[in-house]
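Report on the following structure.
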Amino acid sequence: MEYNFKEIEKRWSQYWKDNKIYKVKEDSSKPKYYVLDMFPYPSGAGLHVGHPLGYIASDIYSRYKRLKGFNVLHPMGYDAYGLPAEQYAIQTGQHPAITTEQNIARYREQLDKIGFCYDWDREIRTCEPEYYKWTQWAFIKMFESYYCTSCNKARPISELIEKFATSGSAEISAACSEELNFTAAEWNNMSEKEQQEVLMNYRIAYLGNTMVNWCPKLGTVLANDEVSEGVSVRGGYPVEQKVMRQWCLRVSAYAQRLLEGLDNINWTESLKETQRNWIGRSEGAEMQFKVDNSDIEFTIFTTRADTVFGVTFMVLAPESEYVSKVVTAEQRAAVDAYLDSIKSRTERERMMDRSVTGVFTGSYAINPLSGKKIPIWISDYVLAGYGTGAIMAVPAHDSRDYAFAKHFNLPIIPLIEGCDVSEESFDAKEGIMINSCGNGLDLNGMTVKEAIAATKKFIEEKGIGRVKVNYRLRDAIFSRQRYWGEPFPVYYKDNMPYIIDEKELPLQLPEVDKFLPTETGEPPLGRAKNWKTVDGYPLELCTMPGFAGSSAYYLRYMDPHNNDALVSKESNEYWRNVDLYIGGTEHATGHLIYSRFWNKFLFDLGVICEDEPFKKLVNQGMIQGRSNFVYRIKDTNTFVSYNLKKDYDVTPIHVDVNIVNNDVLDIEAFKAWRPEFETAQFILEDGKYICGWAVEKMSKSMFNVVNPDDIVERYGADTLRFYEMFLGPLEQSKPWDTNGIDGVHRFLRKLWNLYFEGDNVAVADTEASKADLKSLHKLIKKVSWDIENFSYNTSVSAFMICVNELTSSKCRNRHILQPLTILLAPFAPHIAEELWHKMGNETSVCDAVWSEFNEEYLKEDSVTYAVSFNGKARFNIEVAAGTSREEVEKIALSHESSARWMEGKEPKKIIVVPNKIVNIVI
RNA sequence: GCGGAUGUGGCGUAAUUGGUAGCCGCGCCAGACUUAGGAUCUGGUGUCGAGAGACGUGUGGGUUCGAGUCCCGUCAUCCGCACCA
């Protein structure tokens with residue numbers, strides 16, 4: 001009987017839908033397992049063959065876990081807010097909701113063809129009010145919370161208000177934007193507005209004046225992870241630095257917990273490293289430096305407190321608030337000129353050009369330990385956003401300070417015994433200290449490590465500094481000057497933001513006439529009519545960024561239709577957190593940080609019961625495109641085949657990969673492809689036109705996009721699923737190459753034939769042969785191990801071997817084929833379901849029970865040992881299974897060939913490795 | 001510059017974790033069948049060599065009876081961060 005995949009796949013996907021086979025409910029009688037895919041942004045281009053790679057892997061895992069008796073939550077939804085739909089709306093006037101709706105429909109159609117086991121009743125879309133109600137709710141909670149640095153969690157802001165009223169700012173320990181000092185009396189005398197301004201300094205969601213990445217072309221600010229090399233990740237438009245009043249999330253307060261949490265989750269080491277890098281913890285010290293002949297004192301941050309005696313100058317960032325305070329009258333003109341030259345350059349230009357620039361302020365600082373007078377300079381190599389925006393420069397032991405000192409002819413004092421600083425600085429943290437004694441501190445003779453500790457202790461005791469931990473992680477900018485996002489549940493009174501009542505949620509996104517900013521430069525929401533509260537106060541005009549809706553979506557799947565809570569306690573305590581999360585690495589420093597932050601915040605509130613959202617994370621590799629080329633002979637319309645092109649002067653031209661098969665060009669299709677190729681001539685090899693190829697990003701302009709629909713149409717979904725897994729290790733990036741797909745398809749047909757004799761199912765209920773049982777159990781063992789370890793590509797091979805063995809033994813046995821069908825079900829659910837029913841089963845194969853392998857069947861009757869002499873394998877011996885070590889040694893030595901290889905010597909040592917080798921050392 | 005990963009046939013890859021390197025698939029070669037095709041089946045296929053055999057996991061050392069696997073060095077490619085004090 002023919003393997004008619006089209007008919008089979010159509011029938012069973014309908015059956016799954018009609019019988020709600022993938023519906024999942026909480027069930028306390030079963031252990032839960034939560035498998036999640038990173039939900040897609042539905043773009044206009046639809047899915048290409050790379051997108052389903054991770055989805056197929058998670059689908060296999062979900063189906064496997066279900067067969068193993070777990071209650072598996074495997075949902076899907078859409079990250080529906082985003083820039084492309086809005087950009088499209090600006091160009092065409094088409095409402096982004098409509099575009100998004102259409103794109104989702106297209107995505108759904110494509111996903112359905114592949115046979116995923118999603119419970120679509122739990123689908124969520126971030127742009128729907130029932131969903132974003134909870135995004136807005138979380139924002140309100142963040143606005144109404146501060147981060148307590150002594151209990152290390154978020155607490156209600158009302159606690160702070162109470163403390164301020166009774167004891168001022170003295171007794172609080174809270175993460176803040178800047179240190180404030182006021183008494184209870186001062187607090188109580190403040191106006192409402194002043195109090196609100198103070199509170200803003202502590203809120204977890206706060207309005208702050210911060211340096212932002214402003215993208216004029218997109219008309220909005222961007223997060224650090226949305227900018228790469230000075231241009232926007234989406235669109236590639238230039239980005240500039242600008243101070244703006246923006247909503248921010250105090251992610252930095254969670255830096256330490258985000259860092260520590262990494263130790264308890266099962267992610268790849270490289271991804272954890274990326275996050276550690278991004279968080280960027282560094283331990284050091286802050287130290288105060290007094291400005292000579294002035295009351296001004298400023299603080300610097302250093303990780304090399306030990307080098308304080310080698311400080312020969314100070315450097316301020318150009319944006320530092322101290323710049324204007326320390327510049328002397330004589331130097332003012334020079335400093336202003338320098339600051340102007342910095343401002344005129346974009347971030348990108350500054351990054352490109354690393355030449356040394358700077359200007360002297362005219363002032364001096366006093367080194368608190370050596371007492372020496374040292375000049376204060378300004379340079380853009382010091383960043384305003386890190387540490388305190390000011391540094392002590394130690395040219396002998398920091399390469400950047402060294403370059404600066406050389407350029408401006410500043411002194412260099414070496415502090416480590418034997419180091420040579422005539423050509424370059426000595427940056428290593430090792431060696432014995434010299435030249436480091438003064439003001440009661442003597443570091444000479446200590447190692448660098450000891451000196452750092454001694455200096456830290458000394459400055460704390462003397463009150464000239466303190467131990468300090470700095471993080472690179474900045475607070476997240478949370479406003480976007482755009483339309484297509486969640487509205488903030490915020491109105492303004494007296495220019496201060498207030499929260500609208502929780503009961504009013506969701507605050508729905510209003511209609512606007514155009515999706516452009518207003519004439520006065522306000523965000524598009526400025527065009528919305530009635531964008532005011534009942535009391536006439538104006539609402540916030542910005543919307544939330546893309547990561548807002550994706551930060552807690554995994555929680556919503558647990559209880560997607562709950563209108564009273566983000567997730568009910570019962571649902572959350574049952575599903576807890578994501579056991580397996582599959583997605584790309586591109587979210588390492590964006591979504592995966594924000595989600596962890598958001599989750600920890602909700603955990604602090606007691607809303608959810610787990611501190612980390614994603615227990616295990618697997619990054620699937622990217623599927624690149626495999627482009628094909630034809631070679632046109634210059635100034636002709638003649639194309640020459642790949643291996644003959646060296647004899648001609650040719651221009652390579654991208655050709656649509658869909659009219660090329662195994663690098664052979666379909667000439668008729670090519671002629672029809674473009675009018676100019678209609679009259680094309682060809683120089684063939686062996687009667688074929690062979691195309692060249694290259695691995696490139698999959699994109700329309702390279703004509704290398706492969707649509708999964710086309711593969712499903714031609715080979716079926718089950719072949720596509722198997723083939724995507726067969727392509728190589730899941731985590732590895734690889735080009736899409738259809739050259740091997742026939743082999744996988746052939747295997748499925750071969751498997752199909754196992755069950756049939758002519759047109760009839762020929763499965764017999766007789767006793768299975770030992771050899772067949774062994775084939776089967778070998779497969780069960782291998783596939784179980786492979787699925788648990790995401791080594792799907794080797795599973796496919798194992799299936800092929802098993803089917804080959806069963807084919808040659810003409811196995812038609814139910815005790816073999818029934819379990820085989822169950823093993824097949826996670827990988828190729830359609831064909832498995834068909835065979836399962838053909839064998840007379842009534843219920844879905846999805847509800848079958850995974851077979852456990854039995855070691856008994858895997859035991860060998862005899863074991864082959866390789867006999868080697870001094871490590872060189874020479875011949876094999878076969879002994880009965882269970883033969884003792886000593887016996888094996890004896891048999892090996894008495895073998896007829898042994899004497900020859902021993903060359904008359906006596907064996908010094910005999911090593912017997914179970915099942916493998918007898919090595920005789922002579 | 002710092003950090004991470006990867007180097008195995010013509011190609012994608014495998015090697016049960018230190019035990020006969022190259023499973024499985026593609027491609028290629030030979031054969032069978034045939035309604036001649038982008039179908040199916042069988043066998044072969046790391047390199048050198050007629051052969052026995054020798055050589056082979058980027059490269060150079062080392063540990064070991066035995067190394068693709070462990071250690072030290074080196075080269076190449078890819079990815080992340082980057083004037084972070």
Side-chain angles (χ1 to χ4, degrees), chain A residues 228-229 268-278 280-282 284 300-304 307 315 317 350-351 354 356 379-383 385-394 397-401 403-404 427 470-473 585-586 588-589 621-622 661-664 666 688 714 723 726-729 731-735 737-744 746-747 749-750 753 781-782 785-786 789 791 793-802 804 807-808 864-876 907-922:
Chain A
S228 176
E229 298 187 358
T268 58
E269 212 35 56
S270 75
L271 187 60
K272 287 196 206 176
E273 261 321 293
T274 303
Q275 288 214 344
R276 287 192 191 109
N277 230 317
W278 190 260
R281 180 191 157 100
S282 75
I300 60 94
F301 175 75
T302 180
T303 53
R304 291 296 299 275
T307 59
V315 190
R350 270 171 76 169
M351 271 167 27
R354 297 247 171 127
V356 178
S379 174
D380 68 346
Y381 84 88
V382 175
L383 306 177
Y386 184 77
T388 59
I391 62 155
M392 60 179 215
V394 186
H397 303 291
D398 182 289
S399 52
R400 294 152 302 174
D401 298 345
F404 195 84
D427 290 14
N470 249 327
Y471 299 92
R472 204 188 74 101
L473 184 71
T585 3
E586 65 272 19
T589 54
M622 276 231 276
N661 194 273
N662 289 354
D663 293 334
V664 178
D666 180 338
K688 294 177 200 159
R714 198 158 139 197
Y723 187 60
F726 184 61
L727 224 39
E731 311 204 5
Q732 195 172 298
S733 286
K734 54 236 164 191
D737 180 354
T738 345
N739 283 345
I741 199 167
D742 291 312
V744 171
R746 205 171 292 145
F747 147 73
R749 279 210 307 269
K750 211 165 171 179
N753 287 331
K781 188 177 181 182
K782 174 77 178 141
W785 192 89
D786 280 349
N789 292 284
S791 173
N793 55 327
T794 59
S795 275
V796 183
S797 303
F799 269 110
M800 290 176 177
I801 293 167
C802 180
N804 280 340
T807 303
S808 49
T864 304
Y865 282 84
V867 181
S868 60
F869 292 86
N870 286 344
K872 288 229 188 277
R874 298 301 179 182
F875 56 86
N876 292 344
K908 277 188 207 148
K909 195 159 124 190
I910 303 177
I911 297 147
V912 178
V913 181
N915 295 330
K916 291 288 177 187
I917 285 171
V918 184
N919 190 22
I920 300 165
V921 185
I922 49 178

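Below, each value reflects all heavy atoms present in this structure, side chains not excepted, and no hydrogens, waters or symmetry copies. The chains referred to below are lettered A, B, ... by the order of the sequence lines, with proteins before strands, and numbering in each begins at 1. Being a predicted model, the structure only gives us computed values, none of them experimental.
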Please give, in whole Å, the distance from [N] [atom2] to [X] [atom1]?
X        : N     : atom1 : atom2 : value
A/Asp786 : B/A15 : CG    : C1'   : 13 Å
A/Glu273 : B/C2  : CD    : P     : 15 Å
A/Asp427 : B/A82 : CG    : C1'   : 15 Å

Is the phosphate of [N] approached by [X] (side-chain N or O, under 4.0 Å from OP1 or OP2)?
X        : N     : result
A/Asn870 : B/U64 : no
A/Tyr381 : B/A85 : no
A/Arg276 : B/G3  : no
A/Asn793 : B/A14 : yes
A/Ser282 : B/A85 : yes

Relative to the 5' end of RNA chain B, which residue comes earlier, A/Thr303 or A/Glu269, by the nucleotide with the nearest heavy atom?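 Here A/Glu269 is the residue nearer the 5' end.
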
Which part of the nucleic acid does [X] contact within heavy-atom distance under 4.0 Å: base, sugar-phosphate only, or nothing?
X        : answer
A/Asn277 : base
A/Pro729 : sugar-phosphate
A/Leu727 : sugar-phosphate
A/Asp401 : nothing
A/Ile801 : sugar-phosphate

Euclidean distance for C1', B/U34 against B/U42 (whole angstrom):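 Here B/U34 and B/U42 have their C1' atoms 15 Å from each other.
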
For B/G49, decide between syn and anti, treating a glycosidic angle within 90° of 0 as syn.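 Anti conformation here, the glycosidic angle of B/G49 being more than 90° from 0.
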
Under a 90° cut-off about 0 for the syn range, is B/U17 syn or anti?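 Syn conformation for B/U17.
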
When you check the side-chain N and O atoms of A/Thr794 and A/Ser797, is any donor under 3.5 Å from an acceptor?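 On atom types as modelled, these side chains do not qualify, holding no pair under 3.5 Å.
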
Decide, yes or no, whether a salt bridge links A/Asp742 with A/Arg746 under the criterion of side-chain N to carboxylate O below 4.0 Å.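 A salt bridge is absent here (no side-chain N lies under 4.0 Å from a carboxylate O).
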
